[in-house]
Every structure is written in C-alpha cells, then in structure tokens.
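Working notes, beginning with the structure itself.
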Amino acid sequence: MSLMDWVVLGLGMVSIAWVNWYFFFASRGPRS
Amino acid sequence: MTVASPELQTERSTLMVTGMTCAACSGRVQRALEREEGVRSAHVNLMTGQAEIVYQPEVVTPDVLVSVVTATGYGASLPEPGSDAIADAEALDQARSNELHELASKLRFAVVAAILSMVLMPFAEVSEGLMADPMMRLFAPLADGLRSLVPFLDSLSPSAWRWILLAVTLPTVLWAGRHFYTRAWTAFRHHSADMNTLIAVGTGAALVFSIAMTVGGDWFGAQGIRPVVYYEAVNTIIALILVGNYLETRAKRQTTGAIRRLIGLRPKTARIRREGSDHEVALEDVQVGDEVIVRPGERLPVDGEVIEGHSSIDEAMLTGEPLPVSKAQGDEVTGGTVNLTGALVFRATRVGRDTVLANIIRMVQEAQGSRAPIQALADRVSAIFVPVVISVAIATYVVWFILAGPPAGVRGLAAAVTVLIIACPCAMGLAVPTAVMVATGRGAERGLLIKGGEPLQRVASLDVIVLDKTGTITEGRPGVEAIQVAEGVDQAEFLGLAASLERRSEHPLGEAIVRVAQERGIALIEPESFEAIPGKGIRGRLGGRLVVLGTIRFLEEEGIETQRFDAAAKELSAQAHTPVAVAVDGSLMGLLGIADPVRGTSREAVRALEGLGLDVVMLTGDNRYTAEAVSREVGIRSVISEVLPDRKLDEVRALQASGKVVAMVGDGINDAPALAAADVGIALGSGTDVAIESADITLITGDLMGVARVVRLCRQTMAVMRQNLFWAFAYNVIGIPVAAGVLYPVFGILLTPTMAATAMAVSSVSVVTNSLRLRRAT
C-alpha cells in the first residue's frame, strides 16, 4: 500500500467515526 | 417541553404541513413542535399532511407554531377559520394537487436536462466506465447523429463541453432538486438523516467532483489524471428520483380517493323552506331546525327527520347496502344519500361538522394517518439506516481506492455514490402507511369504519368473536310474533285492549304491542287508570273493565286462572318468544308471543366468520331457553347466557385470559365496557358520534356480514404490509452490497449511479402500487 492509500484509509476511518458520532451520539441539536 | 398544570387551559389546532415525503420528515416536524414551549402534545400525520397540536394559548400562538414548522424546512399554514372536516379535506386535497403540479414542472425540467446531458456527455472527455452504463449506450447514437448533423460541435474542446454540461446541470440542482438539499441540510442541523441526506450527499459528491474536474481540468491533465465528470449522473439521479416522487405523490393522492369520493357525496346547496317560501341556500347556511326539501334524484344535504312525503332512499354510498330504504314521516335521513322516488321535506337535525357524513370523513382522515404497530419496525430501521449507509459508502470508496486499478479515485467515487442512491429508504417508509390508508379508505366506502392502523393489525390476529345477542344477532327491536286468544275472543278487541293499556307504559315489549295494533289500524282508547308493577306487568281500567297484563306468574298472583294457557306459554318460551298474558275482568283472554327477530344475515355471517377460522361466541342476558333457541337459529355453538350487563366485561376478560385475541361485537352504547375491554371493539350502528367514539371499528350497515368483511380486509392489509416490508428490506439488503461492488471481482457486475436511481424509483412505486391493490379488496 502506498502512502496515499494509507492517507485515504485513515481519512475514511475518521469520517466513518465522525458520521456515527454526529448522528448517534452528539447532542440532539438546539431547540428549534 | 414544559409540564403544564392541569388547570391551565389548552387549545387544539390543526396545521396543514406540506413537503413531507417520509416518516423521518413527519418525525422531525413533530419533534420540533413538541420542543416548543407551551405545546402539550403534537401529532404529525404524514399521509394527511396535518399536524394536530394541543397547546396553551397564553404561552404560544398558532402563528408561532406555523413558524416552528417552516423553520424545519417544510411549508405550514393554518386552516381557514370556521372550516370543518370536509373543508380541511378539500384544502388538503388542493394542497396536494398544487404539490403534484409543481413536482410535474420540476420533473419535466429535470428530464430534459438529463437527456441533454447524456447526449452531450460523449463530446466531453469520455470516461472509461461511461459506456458501460446502459443509459449512456442508449443515448450514444443520438450523440453520433448530432455530430454528423452539426460538425461544428466537434470543434469545441472537451473542456468547453464540460462547462456547457455544468451550465445544463446547475439549474437542475438549484431549482428542480433544490428541496433535496435544503431538507437534507435541515435534517443535518438536527443531527438526523433521511432519504434526502442520501440523495444530497450522493449527487453533491458527484457534482463537487465534476466541478473540480471542470475548473481544474488542465491542471489534472498535467498531473496525468484524465478529467472525468459526472454531470449526466447528477441530472439523471435527480430526474429519476423526481419521477419516483411524482408517481408516489400521485398514488398517495389516489389513496385519499375514498375521502374525495365521500366529500363528493355532499351537494353544494340545499333547498329550504322559510316563512312559507322555498329558497336555495349554500350548504353552510342550513341550520338545525330548517325544513329541507329534496326532489327525486337529488342528494340530501344534511341529516334530518322526515316531516312530509314518502320516498325510497339509496344509502349505498354510505352503508354499502345495495337496496333502497323506504322513508316516511318520522324516519331519520342522512346527508349524502340519494332521494330516489318521491319528494321529501325533512327537518334538519344535524348540520356542518355534526352530520354523519362529516363524522365519517373525519374518522377516516384520522384513521388513514394513524400508525400500525408493525410500522415501528420500519421506523427503527430507518433511524439507524442512513448513517450506516453513509459509513458503508465511505468504506466502499476507501476499498475501491486501495484495491482497484486506476483511475481508482474515480471508480471509488462512482461506487460510493451508487451505494448512497440505491439505499434511499423511501420504500421502507411507504410500506405500512400506504397500506393503512388504502385499507381504511376502502373500508369506509363499504360502510366499515376502521379507527386506524392499530385495530387493523389486531383484527388480523383475532381468535374469537363474541357477539352480543340483542341488537346484534337480532334486530334489537322486539315485535309481536304470535297471538293466541281464548275461544270466542275477538283478536282485534284483544289487541286493542292490550295496546291501549301498554301505550302508557314505557316498556320495550309494550312498544311492540302498541306498534302491532297501530299497524293493524286498531283504534286505541285512553285508560281511566294505570299502574305499572316493575318486572311483572301492568294493571288498569279501560271503559270500565279491569285489564291485567304481564307474566303468567303475575297473573297468577292476581288470582287469575292461567292453567289452560300453560302449554301454549311453554311452547312460546321454547321458540325464544316472551309470553305476555292478558286478562280482562279476572279472566285470561289470551297470550302474546313477543320476540326479537333474528337479522336476516346473521346465520350467513356466523358461517362466514367460522369459515375464516374464528370461534364465534354468543353473549346474552337472556335466559338459557331463549339464548339456545336463537343460537340454534343462527348456528352458533358456544353460548354464554344469563349474563348481566356488567358481567359481559368479565366474560370477555375470561376469554382473553385463556390467551385468545377477542373481538366484541355490540350495538354501541350498551356494551361500551365490554367493547372497550375486548382487543377489538366492533360497534354496529349508525355513524353517529357515540358509536364512532366507543369502538375500534364501526359498521354503519348494522349488518353482521360486515364483521366478516372487516376481518377479511384487515387480513389482506396485513399481508400487503408484510410483502411491502419484505421487499423494501430485501431491496436494500441485496442492492447495497451489489452497488458497493461485491460482485465485481468475480462476475464483473457493477451498478452505475443512474441504474441505482432507477432501481430506487421502481422500489418506491412498486410498494405504493402493491398497497393500491387493496382498493379492490373484498
């Protein structure tokens, strides 16, 4: 695997973690 | 949400909400309303597009509630002041028609842009995978034709063509597909995600990538990366999803057809008689007490009681009953039915939102938007589905980037976009609500008012049907079925004496005697004295003669010789008749056999219910002999007799305790506790408020056959729901891995974003179409 592959893999994992954190764990947003 | 003290006054308001496409949308609007201070409760109905809100008027106003909804990205408006259920339904229908119209314009635009972009794509730099797309292959000959017709086109550089394609795509994204992005953004801000999120992220990624390639094409070329654009995919996805949305909205409009047809039953004007002359007035101006005139062939505008004329009335549209019903003075008539033969004058008793028709429309509306418990499954899946799909799409990109050959980034992007598009959970959101809607609408057309998704689901799993006897299996209106008089006694005189005395009593058996005398044209006289002995009989003087009327035992207590009628009395009892003895001046003149006749369809209905695999039980307060006589007549094997009204409830509970799902069928008001205790309460009767409120299901016809029809309809509906959910899940379970490319290494099968959009549209439309099959349900 090239350095670029490792970078994409790392970014991908961070993105997945963020998506799941944002939709499942982050606060349910401001009062509307 | 604030917890208000109970003494704080609350008000109820209904808002019309537009732009909601799936359960996530209605959920979001509902949560926003619930979070607003002063709102006690909010229920947003996806199908009817209405939000029912209970709020504290001193804390929050309806206008604020409208702005709360619009802040979530949807449209909201208040209903016209003074409107009723019918006006609301008309307004909703109009709103949906406008929505459909707007969607059609957007769709036309997007389709033109999609075709144009596919024809023009080959002029821009063609990507390797481009011609693998069957849609692109379809349009390739058009591009070739264009080339030969206008050779000038080839002289433009691929770079220039990319700019032209961008110009074609931007209006589609900014106008036709704009709502996908605005709604996705609103959802995102609330930490939630729905189908709009998937469409927005999918097309957004393709668009951003293409714009980068268009703007920096030369730079990428210098780096050895061939510029590739996906404008045709963006246009086609938006066009195809709009096709799906359009067909879905149109089908949803069809599912409310039942309500539209019910509204259509109401004439716009009424002819009323005021101060001796006839006036044609708007329907809204008819008031309780007005004398309404209807000519043959006209529809009745409101409910009322006939005061003049005689006619037959077609009530089929309201009750499903095909035979016309004859009406004369004193009979009740219902708005929306058709006067067939003669002119009628009736006094309006219920107008506006109180009419039977308005009640039915309101009930059907509420039922159509209600949730079936099976929906919870779809909701649970939808809630976690979208973030999971986004994760899968990211993983797809990463895997393609690392494992695929060049151009790895481009192919990874295509696969990721395909995953996002194929996973749109529209079909899942539509699976249950559309079926509930069509089924309740279909039921209403046949006089079967089902209160919503929950009773609908419970009916489908019933084991036992408990039928109340009086008023359910029987007419509930006792009649004189047999008259036996002593030798030398004139039957007319005998009836005349009995009826004259009974006229003063309020007993239902007495009413039967008075009715039969009146039917036979026998003149009644006024008694000089009258005395009722509760539970036994009555006594009084008529023309100087002492008349005693009541049970055999009562007459014996009065010292009257009854032996010669003993055999006759026993025979009447065995036939389920109640014997009433009549004596004049101490001598027994004869017996009247009074019985509550069995409804014509009861036997057939019992057989139909047993044919559906249900246990049928008869419950009655009558004595064992009467109960057994009736049960023999209609073919019921299990009978529970001599049950006092307050014990009916216990009998229902006892059946439930044995693990059975029990439905109680009764005539509404009397059986209310048992109806409420049963898993499903089915009321026979008219569409009046009380009957509708007290039961899960109301059969307007008062015909037991309706119970069998309801059971069949609910079972068919559950079958449709299960099919819908199965296909919606199966579609995603199969579609997502294929879109990600799991079949590519072995079989070389790979979906394109356009193919994914087509599949998605097809799945939504097939679910709605499957539900629409229920329109023909029996």
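Protein chains get the first letters and strands the later ones, always in sequence-line order, with residue 1 at the start of each.
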Self-check item: Closest approach of A:V8 to B:V398 (non-hydrogen atoms, all atoms of both residues)
Solution: O-CG2, 3.8 Å

Practice problem: List the steps and the verdict of side chain to side chain contact (heavy atoms under 4.5 Å, CB included) for B:F401 and A:L9. | Solution: CA-CA 9 Å; B:F401 189 90; A:L9 181 63; over 6 Å; no

Quiz prompt | OH on B:Y397 to OG on A:S15, rounded to 0.5 Å | solution = 10.5 Å

Quiz item: What part of B:A393 lies closer than 4.5 angstrom to a heavy atom of chain A: side chain, backbone, both or neither?
Solution: neither

Quiz item: Heavy atoms, side chains only, cut-off 4.5 Å: are A:W6 and B:I402 in contact?
Solution: no

Quiz item: Distance-only, no hydrogens or angles: does the A:Y22 side chain make a donor-acceptor pair with backbone N or O of B:F188 under 3.5 Å?
Solution: yes

Quiz item: Side chain, backbone, both or neither: which part of A:M4 has a heavy atom under 4.5 Å from chain B?
Solution: both

Quiz item: For the residue pair A:N20 and B:S391, what are the closest heavy atoms and their distance?
Solution: ND2-OG, 2.9 Å

Quiz item: Side-chain contact, heavy-atom cut-off 4.5 Å: B:V386 with A:F23?
Solution: no

